[in-house]
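Below is one structure, written out as structure tokens; the observations come after it.
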Amino acid sequence: MSAKKKVLIINRRAPYGRSNARDSLDVALTCGVFELPVSLLFADDGVYQLLGEHDAQGIGQKNLSATMAALPMYDIDQLYVCEQSLKTQGLETSDLANAPTAVDQDAIQQLIKEHDVVLTF
Amino acid sequence: MSAKKKVLIINRRAPYGRSNARDSLDVALTCGVFELPVSLLFADDGVYQLLGEHDAQGIGQKNLSATMAALPMYDIDQLYVCEQSLKTQGLETSDLANAPTAVDQDAIQQLIKEHDVVLTF
Amino acid sequence: MALHTLNRAPADQSCVTRCLNALADNDALLLIEDGVYAALPGHQALFAALPDSVSLYVLQPDLQARGISEKVRDVFTPIDDAGFVQLACDQDKVVSWF
Amino acid sequence: MALHTLNRAPADQSCVTRCLNALADNDALLLIEDGVYAALPGHQALFAALPDSVSLYVLQPDLQARGISEKVRDVFTPIDDAGFVQLACDQDKVVSWF
Amino acid sequence: MGFFLWQNSWLQMIFTLIVQAAPYSHQSADTAYRFAKSLLDQGHSLHRVFFYADGVHTGSALASPPQDEPNIPERWQQLAQDHQLDLVVCIAAAVRRGVLDANESGRYSKPGHNLADGFELSGLGQLVEAIAVSDRTLTFGA
Amino acid sequence: MGFFLWQNSWLQMIFTLIVQAAPYSHQSADTAYRFAKSLLDQGHSLHRVFFYADGVHTGSALASPPQDEPNIPERWQQLAQDHQLDLVVCIAAAVRRGVLDANESGRYSKPGHNLADGFELSGLGQLVEAIAVSDRTLTFGA
């Protein structure tokens with residue numbers, strides 16, 4: 001693969017209730033494997049994906065937090081979280097795993113500008 | 001069928017974008033056929049189901065407004081619309097087909113109380 | 001009396017508000033699936049206007065999956081699947097908000 | 001410059017707000033599917049804070065299906081499928097909000 | 001003894017469940033199964049499960065999840081076998097979505113069929129009848 | 001002539017579409033088809049359509065909608081035939097949801113297969129490759 005398009009993946013959905021969070025993570029990891037640069041933005045209910053220590057066995061699903069923890073091994077280290085969403089949900093960045101960078105609306109517009117492709121889940 | 005349970009169907013979704021509106025209408029008509037008394041409440045984006053004169057051919061779907069117009073033939077004449085939702089959407093009851101009765105929050109709680117079974121779509 | 005279940009997370013404000021406004025005296029609310037996030041302290045204000053007679057429950061396996069068992073407010077009683085069935089029996093009907 | 005598509009109706013406030021806040025100068029917004037309801041006069045306030053340079057479009061077949069072709073505000077330019085493709089070409093990228 | 005019977009008949013409820021959500025996309029497909037299993041474990045009775053909208057995919061004989069994830073159609077089949085359940089898949093919702101039994105496959109001249117054993121295609125009348133005779137009807141939505 | 005070629009190469013774009021929505025449940029399955037048809041009508045090129053999540057049901061050979069409604073899988077097949085399209089159904093998303101080709105059916109010892117002709121099961125690498133080589137990637141979401 002020659003063209004190095006930069007991909008931004010926007011995650012707006014809570015984990016487990018729908019398959020979006022997992023689907024998104026699988027795409028991100030595949031971008032990592034194929035060395036396509038990828039950044040992840042968590043917004044709205046998507047910020048809940050960053051709460052750690054999941055235990056999804058009781059609902060017959062695989063833990064996403066374990067996979068999230070593996071992102072750096074795939075060179076996926078550009079993680080952003082919408083600060084407005086955190087505020088709405090009553091969360092602090094210190095509550096979150098993966099140490100994402102908090103961004104405001106202008107920074108989100110800038111993220112969209114700087115990436116060649118934007119995927120939403 | 002002996003037991004005459006009263007069924008309330010709550011419609012919260014806009015027509016066409018998802019199949020909920022159509023699925024709901026099919027259940028309502030079947031209740032009508034089997035003479036199970038059924039009331040319909042339209043709330044949130046569901047109020048858009050009551051805007052008349054649909055023409056869904058261009059998006060490959062069947063018109064729901066025509067089916068809605070047939071409800072009285074199945075003795076389905078208990079139609080309610082949430083007045084708060086109308087206000088939020090900037091609509092008046094005069095904009096709507098099927099002449100539903102506008103209801104407030106208390107009346108909606110009362111509707112739920114008075115029916116034996118509540119289905120949501 | 002009705003049991004209301006809510007499976008949408010707080011960002012689906014339309015669904016959450018609709019559900020909360022539908023709760024009458026002596027009804028029960030059970031948060032399930034993504035709905036359990038509403039039991040976090042950050043969403044306390046959503047529940048401020050509810051009658052005291054409304055009882056609040058949250059489905060434990062869903063809390064656990066999401067890693068928030070220790071974080072939810074204690075006005076919500078955690079129950080298991082058997083408790084969900086029991087609530088459905090105790091109330092006259094079940095209304096699902098999704 | 002990006003084309004943003006929105007397919008959720010206004011009651012999905014979280015999605016609509018997210019989309020509108022993401023619109024930068026010279027971006028284009030296309031309302032599709034249930035998103036077209038936001039073009040009704042009752043939702044005018046949602047769009048008040050947008051930069052003038054943002055252009056607003058609405059997908060005509062979706063208006064027609066829902067019986068609101070005559071009711072939407074004229075700041076929205078109705079386009080057909082070919083117009084949708086043209087917009088996607090004219091802008092650098094397409095962001096789908098759903 | 002009389003008291004026991006009275007208590008039992010008072011406690012035992014007849015349930016009908018409506019499943020609108022597709023397995024592997026929405027958790028409520030799984031919640032519905034757990035609820036069904038739990039109510040049966042408690043001695044209640046399950047008159048019918050009605051699979052509607054994308055819920056019809058629960059009746060797929062071909063679903064092949066990874067070994068370490070639950071096979072949702074198979075779990076329903078097992079439960080149906082253990083408790084003689086009536087698992088009805090809405091015929092109109094199913095055929096358009098590609099869930100067919102042998103009959104419908106023939107009617108539409110399709111090359112095969114994929115409705116799992118233990119499930120049955122039928123109409124919305126089955127839902128209305130179930131609502132009419134059940135003490136509680138619950139919807140598991142998408 | 002040089003100008004024409006230049007203009008043409010500037011105007012012709014390479015698209016990739018991602019379809020996440022199930023046909024007959026979400027309108028975006030239909031919107032995606034109309035967009036694909038329209039871009040091809042305008043002389044653009046469609047590198048790949050990648051069906052993901054519930055979008056995998058678009059590849060069903062068994063979908064049997066009523067005569068007066070569009071057959072969404074068949075419309076994609078026809079478009080693929082007319083324009084040599086690459087219709088890729090995500091294999092991981094598909095097999096768990098019961099959309100199988102002959103290979104996967106054998107692997108999981110299932111009684112049949114239901115992937116429609118013209119569709120192909122493959123991995124997420126196909127999506128990433130498509131994104132890398134396309135001018136525009138559009139998602140049609142549920």
Side-chain angles (χ1 to χ4, degrees), chain B residues 1-41 43-46 49 56 59-62 64 67 70-71 74-76 78 111-121, chain E residues 9 13-22 25-26 28-29 31-32 35 39 44-59 86 88-99 121-142:
Chain B
M1 219 158 302
S2 58
K4 287 286 187 191
K5 290 217 163 65
K6 286 177 67 185
V7 178
L8 174 65
I9 300 183
I10 304 182
N11 300 288
R12 293 188 54 251
R13 300 262 158 62
Y16 304 111
R18 303 172 41 142
S19 67
N20 302 55
R22 180 199 173 130
D23 296 339
S24 168
L25 209 43
D26 287 345
V27 171
L29 294 175
T30 310
C31 286
V33 169
F34 286 88
E35 298 183 355
L36 206 60
V38 62
S39 309
L40 306 183
L41 168 64
D44 302 321
D45 289 330
Q49 296 181 35
I59 61 166
Q61 294 193 44
K62 282 192 189 153
L64 294 176
T67 315
L71 288 174
Y74 293 80
D75 291 323
I76 300 171
Q78 302 295 308
L111 279 176
I112 293 174
K113 266 205 188 85
E114 284 166 4
H115 288 77
D116 301 297
V117 177
V118 181
L119 306 178
T120 39
F121 285 95
Chain E
S9 70
M13 292 261 174
I14 304 172
F15 283 85
T16 281
L17 308 186
I18 307 171
V19 180
Q20 293 188 16
S25 297
H26 286 89
S28 62
T31 308
F35 188 89
L39 78 87
H44 298 295
S45 109
L46 183 49
H47 180 72
R48 186 165 292 144
V49 185
F50 193 84
F51 298 93
Y52 197 36
D54 276 345
V56 300
H57 292 298
T58 313
D86 194 18
V88 174
V89 176
C90 175
I91 188 164
V95 297
R96 71 178 65 221
R97 287 174 176 84
V99 177
L121 294 184
S122 193
L124 280 168
Q126 296 286 310
L127 171 60
V128 174
E129 187 271 346
I131 289 170
V133 303
S134 297
D135 298 309
R136 298 288 182 272
T137 299
L138 271 78
T139 301
F140 293 86

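Below, read A as the first sequence line, B as the second, and so on, with proteins coming before strands; counting in each chain starts at 1. Predicted model, so just to flag it, every value in this text is computed and none were measured.
In this structure, chain B has heavy atoms under 4.5 Å from both the backbone and the side chain of E/L124. Only the side chain of E/I18 comes within contact range of chain B, with at least one heavy atom under 4.5 Å from a heavy atom of that chain. The part of B/V7 that comes within reach of chain E is its side chain, from C-beta onward, which places non-hydrogen atoms under 4.5 angstrom from that chain.
Contacts between residues 113-121 of chain B and chain E, defined by a heavy-atom separation under 4.5 Å, are made by B/V117, B/L119, B/T120, B/F121.
Of all non-hydrogen atoms in E/Y52 and B/D23, the two that sit nearest each other are OH-O, 2.6 Å. Heavy atoms only, all atoms of each residue included: B/L36 and E/A132 are closest at CD1-CB, 4.1 Å.
Within the model, atoms CZ of E/R96 and OG of B/S19 stand 8.5 Å from one another, a figure rounded to the nearest 0.5 Å. Within the model, atoms NZ of B/K5 and CG of E/D135 stand 6.0 Å from one another, a figure rounded to the nearest 0.5 Å.
Comparing B/T30, B/D26, B/V33 by how many heavy-atom pairs each has under 4.5 Å with chain E, the most go to B/T30.
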